[in-house]
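Report on the structure given below.
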Amino acid sequence: MPTQQHSFFLHSDGAQLAATVLLPKTVSGAVLFLLPFAEERKGSLPFYLSTARTLFDNQIASLIFDWRGSGDSTGDFESSDPQGFVCDADSALRWIQEHLPGMPIIALGTRLAALLLTELASDQEAIQRAIMIAPASGAEFTHQLLQRRMVNDMVAYGQAIESRASLLAQVQSGWAIDLDCYLFSAKMYAWITEVGARRTEEHSTPDKQPPKSGQPLPLIPGGHSPKTFKAIKEQNTTAQISEPRFPPFWNTVGHVDLSQLQAEVVSWIAAGFSA
């Protein structure tokens, strides 16, 4: 396999996931990046790529991929089976194991993907450490999406075209709703709000907290989604909490200074591989 940056399609249960691997000539460890969902992916990708390139300079490989129905991956977000996202994460992890056998692996997730990461890490011996950036429960995530829908309507039309109550009534009646140009089916919305929220409670308990290696959970809330942060902190008493403040880069247009956050993440990853 060629070194440096390489883009390809990763097979995942019928879906083709657009993936990018950064592979130095000498590899001391590998990082699996889980992007946030829906439109939050776009604002997070530059930070992920910048971090991966810094890791590359430190002889650490990285794999970043788009979820099915998102970005450049195949599939339609509206009709995607939410359980397919778990399959996507598993497929990406297997790819690293197959192409870098025996290599220690750290996984990193942001927002709702951080909660999916806790489930993946608790079930996978291969993940040595899991890092959570600004984790958001399904309830907080969807609440913020609805808020942004109202704000976007106000900017574009001078008023909200549909009320939050109307949108909720539609999706609860089985209709898809448009949130940040992604159509959320009723099934997808239910999975995010209910299953995602339960992950905060069920998969962050001491007997399931990631990773199985016994290393403490690195948690970087950044001042966002305080309810989710509080729940994870209470149920993971050994969590390593870092308090750098940073803007919601997943929802920001233009340049955002994330140098402090990136330095913190790279430091934790390097320490994890040297432990």
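Shortest non-hydrogen contact noted between S185 and V171 is O-CG2, 4.1 Å. Contact detail for T237 and E234: the closest heavy-atom pair is CG2-O, 3.9 Å. Here the shortest heavy-atom pairing between S225 and A136 reads OG-CB, 3.4 Å. Closest approach of L258 and P247 over heavy atoms only: CD2-CD, 4.2 Å. Minimum heavy-atom separation, R68 to S73: CA-CB, 4.2 Å. Closest of all the heavy-atom pairs between D72 and F9 is O-CE2, 3.5 Å.
Note: F229 and H224 fail the aromatic proximity criterion, with ring centroids not under 6.0 Å apart.
Using a 4.5 Å heavy-atom threshold, the side chains of K230 and K227 count as separate. Under the 4.5 Å side-chain criterion, counting only non-hydrogen atoms from C-beta, D153 is not in contact with Q159. Contact check for L145 versus D180: side-chain heavy atoms found under the 4.5 Å cut-off. Residues N251 and R148 are in side-chain contact: their nearest non-hydrogen atoms beyond the backbone lie under 4.5 Å apart. L108 has its side chain out of reach of L32: every pair of non-hydrogen atoms, C-beta onward, lies at least 4.5 Å apart. Looking at Q5 and T20, their side chains come closer than 4.5 Å, going by heavy atoms from C-beta outward. In this structure, Q147 and H143 have side chains that are in contact, with non-hydrogen atoms separated by less than 4.5 Å. Between I106 and I127, the closest side-chain pair of non-hydrogen atoms is not below 4.5 Å.
Proximity of a side-chain donor or acceptor of T54 to a complementary backbone N or O of S50 within less than 3.5 Å is detected. In terms of modelled atom types and a separation under 3.5 Å, the side chain of N236 and the main chain of A239 share no donor-acceptor contact. Using a distance-only test at 3.5 Å, with no hydrogens or angles considered, no donor-acceptor pair links the side chain of S242 to the main chain of I220. Between the side chain of S12 and the backbone N or O of A15, no donor-acceptor pair lies under 3.5 Å. With S173 contributing its side chain and A169 its backbone, the two residues share a donor-acceptor pair below 3.5 Å. Listed for the W67 side chain is a donor-acceptor partner under 3.5 Å among the backbone atoms of L35. Here the side chain of S70 pairs no donor or acceptor atom with the backbone of D66 at under 3.5 angstrom. The backbone N or O of S259 sits less than 3.5 Å from a side-chain atom of D257, completing a donor-acceptor pair. In this structure a side-chain-to-backbone donor-acceptor pair under 3.5 Å is present from S274 to A270. Checked by atom type and distance alone, the side chain of H99 pairs as donor or acceptor with a backbone atom of W95 at under 3.5 Å.
Distance CD/E39 to SG/C181: 6.0 Å, rounded to 0.5 Å. With rounding to the nearest 0.5 angstrom, the CD atom of Q128 is 11.5 Å from the CE atom of M103. Atom-to-atom distance recorded for I232:CD1 and M132:CE is 3.5 Å, nearest 0.5 angstrom. To the nearest 0.5 angstrom, I60 atom CD1 is 11.5 Å from T51 atom OG1. Distance OG1/T142 to CG/L167: 12.0 Å, rounded to 0.5 Å. How far CD1 of I133 is from CH2 of W250: 9.0 Å, rounded to the nearest 0.5 Å.
Under 3.5 Å, the side chains of E140 and T228 contain a donor-acceptor pair of N or O atoms. Neither side chain, S62 nor R53, offers a donor N or O lying under 3.5 Å from an acceptor on the other. Side-chain contact annotation: Q59 with S28, donor-acceptor N/O pair under 3.5 Å absent. Under 3.5 Å, the side chains of R149 and Q144 contain no donor-acceptor pair of N or O atoms. Judged purely by distance below 3.5 Å, without hydrogens or angles, the side chains of Q260 and R245 never pair a donor atom with an acceptor atom. For the residue pair T110/Y48, the side-chain donor-acceptor check at 3.5 Å is satisfied.
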Decide yes or no on salt bridge (Lys or Arg N to Asp or Glu O under 4.0 Å) for D81 and K187, but give the supporting numbers first.
CA-CA 8 Å; D81 182 349; K187 184 177 182 180; 3.8 Å; yes

Determine, step by step, whether I105 and L93 satisfy the side chain to side chain contact (heavy atoms under 4.5 Å, CB included) criterion, reporting the C-alpha distance in whole Å, the side-chain angles of both residues, the deciding distance to 0.1 Å, and the verdict.
CA-CA 9 Å; I105 300 171; L93 180 61; 3.7 Å; yes

Step by step, work out the ring-ring contact (aromatic ring centres under 6.0 Å, His included) result for F47 and F249.
CA-CA 8 Å; F47 169 69; F249 56 89; 5.1 Å; yes

Report the C-alpha separation of V31 and L63 in whole Å, then their side-chain angles, then the decisive distance to 0.1 Å, and conclude whether the side chain to side chain contact (heavy atoms under 4.5 Å, CB included) test is met.
CA-CA 6 Å; V31 178; L63 178 64; over 6 Å; no

Side chain to side chain contact (heavy atoms under 4.5 Å, CB included) evaluation trace for E78 with M188
CA-CA 8 Å; E78 180 184 3; M188 181 74 72; over 6 Å; no

As a quick check of understanding, evaluate ring-ring contact (aromatic ring centres under 6.0 Å, His included) for F33 and F65, giving each step before the final call.
CA-CA 7 Å; F33 286 84; F65 69 93; over 10 Å; no

Verify side chain to side chain contact (heavy atoms under 4.5 Å, CB included) between S91 and D13, making sure each step is shown before the conclusion.
CA-CA 8 Å; S91 297; D13 191 30; 5.7 Å; no

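With hydrophobic clusters built from ILVMFWY side chains whose heavy atoms lie under 4.5 angstrom apart, V256 shares a cluster with F246. Cluster annotation: I161 is not connected to V151 through the hydrophobic network of ILVMFWY side chains, with a link wherever side-chain heavy atoms come within less than 4.5 Å. Hydrophobic clustering of Ile, Leu, Val, Met, Phe, Trp and Tyr side chains at less than 4.5 Å, counting indirect connections, keeps F184 apart from W175. Hydrophobic cluster membership is shared by L115 and I241, with clusters built from Ile, Leu, Val, Met, Phe, Trp and Tyr side chains linked at under 4.5 angstrom. Following chains of ILVMFWY side-chain contacts shorter than 4.5 Å, one can reach L117 starting from V86, so the two form part of one hydrophobic cluster.
Here the options are F85, F141, F77, the test is ring pair (Phe, Tyr, Trp, His ring centres under 6.0 Å), and the partner is F37; only F85 passes.
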